[in-house]
Undergrad: 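First the structure, which I've put down as structure tokens, then a few questions once you've had a look.
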Amino acid sequence: MRWLKTLLLVVLCLVILFVGILFTIHNTDKVSIDLILVQLPQASLSLWLIAAFVCGGILGVLLSSVAVLGLKTRLRSARKRLAVAQHDLEQQRTLVAKDSV
């Protein structure tokens with residue numbers, strides 16, 4: 001089963017590489033990007049599109065990391081409150097057991 005997963009991963013990587021090569025071959029027109037305040041130099045369309053894709057991926061990973069860190073902080077806080085509540089519950093049980101004796 002593990003070899004099948006590895007084989008599928010290799011085939012997927014080869015397909016993505018092939019599509020990327022075809023994309024680069026078919027988009028060789030030179031374009032310049034105007035960002036209102038900055039004009040980027042001329043480069044092939046495929047280079048700008050791949051750069052935008054990579055920047056978007058990196059930005060997505062960074063933003064999701066911030067969200068995950070916030071959720072981990074909330075989880076840690078909830079676990080601390082749970083521990084305190086369980087400790088209080090055990091104290092109450094001990095008091096009830098002492099009172100009933």
Side-chain angles (χ1 to χ4, degrees):
M1 188 64 151
R2 185 177 178 102
W3 64 271
L4 181 62
K5 184 177 178 182
T6 303
L7 178 66
L8 288 174
L9 184 64
V10 168
V11 168
L12 181 66
C13 287
L14 288 175
V15 167
I16 291 172
L17 180 65
F18 180 71
V19 169
I21 290 170
L22 284 177
F23 179 77
T24 303
I25 290 171
H26 290 290
N27 291 297
T28 58
D29 297 338
K30 299 285 184 186
V31 295
S32 63
I33 308 292
D34 185 8
L35 301 174
I36 299 174
L37 299 175
V38 177
Q39 176 127 6
L40 299 176
Q42 281 193 347
S44 68
L45 178 61
S46 61
L47 177 68
W48 287 124
L49 289 173
I50 290 171
F53 179 74
V54 169
C55 288
I58 291 171
L59 187 63
V61 168
L62 289 175
L63 290 176
S64 65
S65 296
V66 169
V68 167
L69 287 175
L71 290 172
K72 282 185 178 183
T73 302
R74 287 179 54 194
L75 178 62
R76 190 177 314 120
S77 173
R79 284 183 176 163
K80 285 180 183 178
R81 285 183 302 189
L82 177 63
V84 168
Q86 286 176 336
H87 179 71
D88 290 345
L89 180 62
E90 287 300 319
Q91 284 181 339
Q92 292 295 325
R93 286 182 180 162
T94 304
L95 288 175
V96 169
K98 284 181 183 179
D99 288 342
S100 64
V101 174

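For the single chain, residues carry numbers from 1 onward in sequence order.
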Undergrad: Only distances under 3.5 Å count here; give the side-chain donor-acceptor pairs of residues 6-24 to other protein atoms, sequence neighbours excluded, each with its distance to 0.1 Å.
TA:
from	atom 1	to	atom 2	distance (Å)
Thr6	OG1	Arg2	O	3.0
Thr24	OG1	Gly20	O	2.9

Undergrad: Cut-off 3.5 Å, no hydrogens considered: what does the side-chain donor-acceptor table look like for residues 75-85, sequence neighbours left out?
TA:
none

Undergrad: Give, for atom CG of Asn27 and atom CG of Leu45, the distance between the pair rounded to the nearest 0.5 Å.
TA: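 If we round to the nearest 0.5 Å, Asn27:CG and Leu45:CG are 5.0 Å apart.
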Undergrad: Below 3.5 Å, can you tabulate the donor-acceptor pairs from side chains in residues 59-67 to any protein atom, sequence neighbours excluded?
TA:
from	atom 1	to	atom 2	distance (Å)
Ser64	OG	Gly60	O	3.1
Ser64	OG	Val61	O	3.0
Ser65	OG	Val61	O	2.8

Undergrad: Give the other cluster members for Leu89, using side-chain heavy-atom distances under 4.5 Å between Ile, Leu, Val, Met, Phe, Trp and Tyr residues; answer none if it is isolated.
TA: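 ILVMFWY cluster around Leu89 holds nothing else.
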Undergrad: Linking I/L/V/M/F/W/Y whenever their side-chain heavy atoms sit closer than 4.5 Å, directly or via other members, would Phe53 and Leu47 fall into one cluster?
TA: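 Different hydrophobic clusters.
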Undergrad: Sequence neighbours left out, what passes side-chain hydrogen bond (donor to acceptor under 3.5 Å, both in side chains) with Gln92? Give chain and number order.
TA: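 Here no residue qualifies.
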Undergrad: So which atom in Lys30 and which in Ser44 form the shortest heavy-atom distance, rounded to 0.1 Å?
TA: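 Scanning both residues completely, I find the closest heavy atoms to be CD-N, 4.1 Å.
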Undergrad: My understanding is that a hydrophobic cluster links ILVMFWY residues whose side chain heavy atoms are under 4.5 Å apart, including indirect links. Using that, what else belongs to the cluster containing Leu95?
TA: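 None; Leu95 is a cluster of one.
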Undergrad: So which heavy atom on Trp48 is nearest to which on Val31, and how close?
TA: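 The answer is NE1-O, 3.3 Å.
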